[in-house]
Structures are given as structure tokens and as C-alpha cells.
There are 2 protein chains.
Amino acid sequence: MKTKEPADWREARRRSAHDTIIDVAWSLVSEEGLAGLTLRDLARRAGITAPTVYAYFNSKNAIYDAMFGRAATEFALTMAQPYECDDPRDQLVAIANRFSQFCTSSPTRYQLLFQRTLPDFEPSPESFAPAILALEGVRELLVVYGISEARHADIWTALIVGLVDQQISNDPGGDRWTRLIEESVDMFITHSQPNRGSRKHDSRPAQTKGIST
Amino acid sequence: MKTKEPADWREARRRSAHDTIIDVAWSLVSEEGLAGLTLRDLARRAGITAPTVYAYFNSKNAIYDAMFGRAATEFALTMAQPYECDDPRDQLVAIANRFSQFCTSSPTRYQLLFQRTLPDFEPSPESFAPAILALEGVRELLVVYGISEARHADIWTALIVGLVDQQISNDPGGDRWTRLIEESVDMFITHSQPNRGSRKHDSRPAQTKGIST
DNA sequence: GTCTATAGCTGGATAGAC
DNA sequence: GTCTATCCAGCTATAGAC
């Protein structure tokens, strides 16, 4: 890498143009779908022409890769933010809620990050790295809160992913499944550590809404 | 509809050509991915030319629709097959295993049927109908086996779908998540009907493999 | 770095002869 | 119903002037 000092601001400027394009790309795919991204649209919305995009990215997949990288970083930052709960159970609920919030707030991002649906696209190791780290971080948290067995960690991820997936697929914008997170976490805790108590759940349909969503 | 009797075999012949094309289409997408289907490939593999496809289908989406319809029918047939268990718990396990088997045996079919990932494609009501019926059938079974609350049914679907989804996404061809079905079902039963007993699970990692998979 | 112009390709779909 | 030939639209990507 050239680390000449004088032209540093130039690099910064280039970086910001780079980032702007990715901004626009994200706003585009959130409207048209992941596969609906075209360089023409992207350029037009960014106020440049299609060939100019190639001044910043070598290919369309390089754009997807940068989008993936940003999403992975956002994911890492989101999940690593400190949790201000004392109770382990509340902590697990908070983790699940945060994950769910992250996914449902941008289904397209969820699709790019966690579902492999784009043909001919594989994220580069560099873009992938932050996501790996974040997932490992979550797993470590699980261990801290008593879920040490791999089997249980797998059930945990399946459970949370299942809630998110059903929410996005079958009730987009709603909360039919996300509102079941607390109850599901309690179910999981009761199963994985029967000694520790999980909170009781009454059988009435609705809980006070808006708590820690 | 013309219901002239004499040319009935002609209709049958046409139907079989129709079906053959869908056969080929399925074998193609299972290799190239759902979005990778092209009329040229399809025609070549079917031993005809691209325009001839239009003798049977009005558009590419009509092909997707027919594929969806077949998948939905297969799903309905699979799930409606009689369950030969006495124990309700075993029955739930059997349902989950059957669903899981259906999905993991053809991830592409799962993708078309349950995830909305194809842009500009919506299944027609006719193609959709069998899937709806099958899902209602499953839900009725759940009620029969004691899962009557809507909340619990939603948790059930999330749990099973989550296991399948993780299996397909993160361990295709393996059984890292599908082997957790029994344990997950027991967790669910314990939660949804604490009075009825679910089978015990020891904490050792592996269970005897190959049982009712 | 940004443009205009365009290459080069692939895809869905149609026309019309047989 | 099946073909050949072809249209037309859309895309990614490159060439080359400025």
C-alpha cells in the first residue's frame, strides 16, 4: 500500500464517493430487490454515468461485495453494542430482539447477508470477516449465559432465525412472529437449563406492546 | 372447455409433453438455481426449440407457475400421507421430519414454494391452492395433537422452518440441524402442554443415528 | 474521473413457412 | 406443433476523447 501522506485527503474523497455509490445501491435494492440492481439505474441515481461506476468498482459483483461488507459491519456493530441487563434471561431476549430488529428492518440486507440467493456471487473473505466475528461474538455470549452445548446453540439459532424468517416471509411489516420472541426464549431457556428459572408466561394472547422492541 | 370425447388421447399426449417440459425445468433449476432458468436451455434439454415452448406455455412465468403447482401438489401429497404412530408426540416428530425431508431433499423446491425470492413472479391461485390446503391440514393436525393456540402454532412453524432453513443454508447435505428435530419437538411440547410429558433427553451430544430420518 | 459511444452478449418473445 | 429466422430490449463492460 502506498502510504504517502500528502494525498491523504484525496483518498478520503475517493472513499466518500465510493461510499455514496453503495448508499445509492442500498436504496435501490430496497426498492427493486437484490437482483434488480442495474448499473444504469445505480449511476443515474448517483448522478453519474454507468462507465464512471467502473472508476470505483471493477465489476458488478464488486459492488455486491461492498454492499455485503457494509452490511456485515453494521451487523457486527449492532450485535456488539453493550447490553444493559443484569438478568441473563433478559440478556438473551435482548440479543434475540436486536437480531430480529436488525433483520426485519431491512429484509433485503437480511437476504444478502444470510440467505445465499444471488447467483454467481460469493462474498470475499474480507467482506465476510466482520460477520463471522459478530456471529462468534454472539455464540460467546450464549456460552456466558449458560448455553455451552453446541446442540443447544444450534437450536437457539434455528429458533431465532425461524421467527425472523417467518416474520419477513409471511407478515412483512407486522409483528406476528417477532412478538413471540420473549416466549420463545423462555421456552428455550427452560429446555436448555431447567435448573435456572425462566419467566412465567400467561396464556392470554397479547402482552403489553412496545417493550424492548 | 371442449369436452369432445374422440380427441381425448390427444389431450393426454399434450399433457404429457407439458409435464415433460416441467420435468426438464426442475432438473435444470436444481443445477443452475431458480433464477438461472432460460427458455433456450430448457428447450435444448427437452429436445425442442425455444419457440416450441410457447406452444405449451404463454410466458416464462407460466412455466414457473406450473413448477410451483407441481411442487405444491407434491407437498400436499407428502404431508397428507397417513401417519402410523399412536403417540401424539411421535406424530409431531413424524410431521416435522416429513416436512424437513421434503424441504431438504430439494432446496430449490423449498425456495420456490416457501421463500418469495423470484422477482415479478406470483403463483396463481390455482397453483397456490394445494399448498394452502396442505398447510391447513397440518395446522388441523396440530390442533388434534393439542396445539390449539395460534401463538403456539406460530412458534411451531418458526421452530421447524428455522431448523430446515439453517440446515439448507449452513450445512447442505448434512444433518447438523435436522438431527435436532426430536429434541426441538420435545422442547416445544414441554412448553405448549406442560401437563403432557415429552420424552426425556440426556445431555450427551449424539443420539443413535438413522432413527426415523 | 468523467464523459459519449458502442461493443458484445443474452434473454424473452414473435413472424411466418412447413 | 415444430421449425428457422429474427426482433427487440436489457444488461455488463470497454474504448477512447477530454
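Treat the numbers as computed from the prediction; the structure is a model and nothing was measured. A note on names: the letters A, B, ... follow the listed sequences, proteins ahead of strands, and every chain is numbered from 1.
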What is the distance, rounded to the nearest whole Å, between atom CG of A/Leu39 and atom C1' of D/dT14?
13 Å
Measure from CZ on B/Phe57 to P on D/dG1 and round the result to the nearest Å.
13 Å
On the nucleotide C/dC3, are OP1 or OP2 found under 4.0 Å from the side-chain N or O atoms that A/Thr52 carries?
yes
Given atom CZ of B/Arg44 and atom P of D/dC3, what is their separation to the nearest angstrom?
14 Å
Find the distance A/Ile48:CD1 to D/dA13:P and express it as a whole number of Å.
15 Å
Could you list the protein-to-nucleotides 14-18 of chain C atom pairs, N/O on both sides, closer than 3.5 Å?
none

Please list, chain by chain and in numerical order, all residues satisfying ring pair (Phe, Tyr, Trp, His ring centres under 6.0 Å) with A/Tyr145, sequence neighbours excluded.
none
Between B/Ile63 and B/Val53, is there a side-chain heavy-atom distance shorter than 4.5 Å?
yes
In whole Å, I'd like the distance from the CD1 atom of A/Ile63 to the P atom of D/dA13.
8 Å
Do B/Arg40 and C/dG12 share a donor-acceptor pair, side chain to base, under 3.5 Å?
yes
May I ask you to say whether A/Arg70 pairs ionically with A/Asp23, meaning some side-chain N is under 4.0 Å from a carboxylate O?
yes
For residues A/Ser192 and A/Trp156, determine if any side-chain heavy atom of one lies less than 4.5 Å from a side-chain heavy atom of the other.
no
Using a cut-off of strictly less than 4.0 Å between a heavy atom of the residue and any atom of DNA chain D, enumerate the qualifying residues of residues 29-38 of chain A by number.
A/Leu37, A/Thr38
Got a sec, which residues hit salt bridge (Lys or Arg N to Asp or Glu O under 4.0 Å) with B/Arg40, two or more places apart in sequence or on another chain?
none
Relative to the ring of B/Phe99, is the ring of B/Phe75 parallel (under 30°), tilted (30 to 60°) or perpendicular (over 60°)?
perpendicular
Check residues 77-84 of chain A and write down every donor-acceptor pair under 3.5 Å in which the side-chain atom is one partner and the other belongs to a residue at least two apart or another chain.
from    : atom 1 : to      : atom 2 : distance (Å)
A/Thr78 : OG1    : A/Glu74 : O      : 2.8
A/Tyr83 : OH     : A/Met79 : O      : 2.9

Within the structure, does a side-chain N or O atom of B/Arg13 lie under 4.0 Å from either OP1 or OP2 of D/dG1?
no
Taking all non-hydrogen atoms of both residues, which atom of A/Ile181 and which atom of A/Val93 are closest, and how far apart?
CG2-O, 4.4 Å
Mind calculating the distance between CD (A/Glu11) and P (C/dG1) to the nearest angstrom?
8 Å
Minimum heavy-atom separation for B/Ala158 and A/Trp177, please, with both atom names.
CB-CD1, 3.9 Å
C/dT2 phosphate, OP1 or OP2, under 4.0 Å from A/Thr49 side-chain N/O:
no
Test: A/Arg109 cationic atom under 6.0 Å from A/Phe102 six-membered ring centre, within 45° of axis
yes
Does anything in residues 15-25 of chain B come within less than 4.0 Å of DNA chain C? Heavy atoms only, and list the residues if so.
none
Return the orientation label for the A/Phe121 and A/Tyr64 ring planes: parallel under 30°, perpendicular over 60°, tilted otherwise.
tilted
Which listed nucleotide (D/dT12, C/dT2, D/dT2) is nearest to the side chain of A/Ala55?
C/dT2
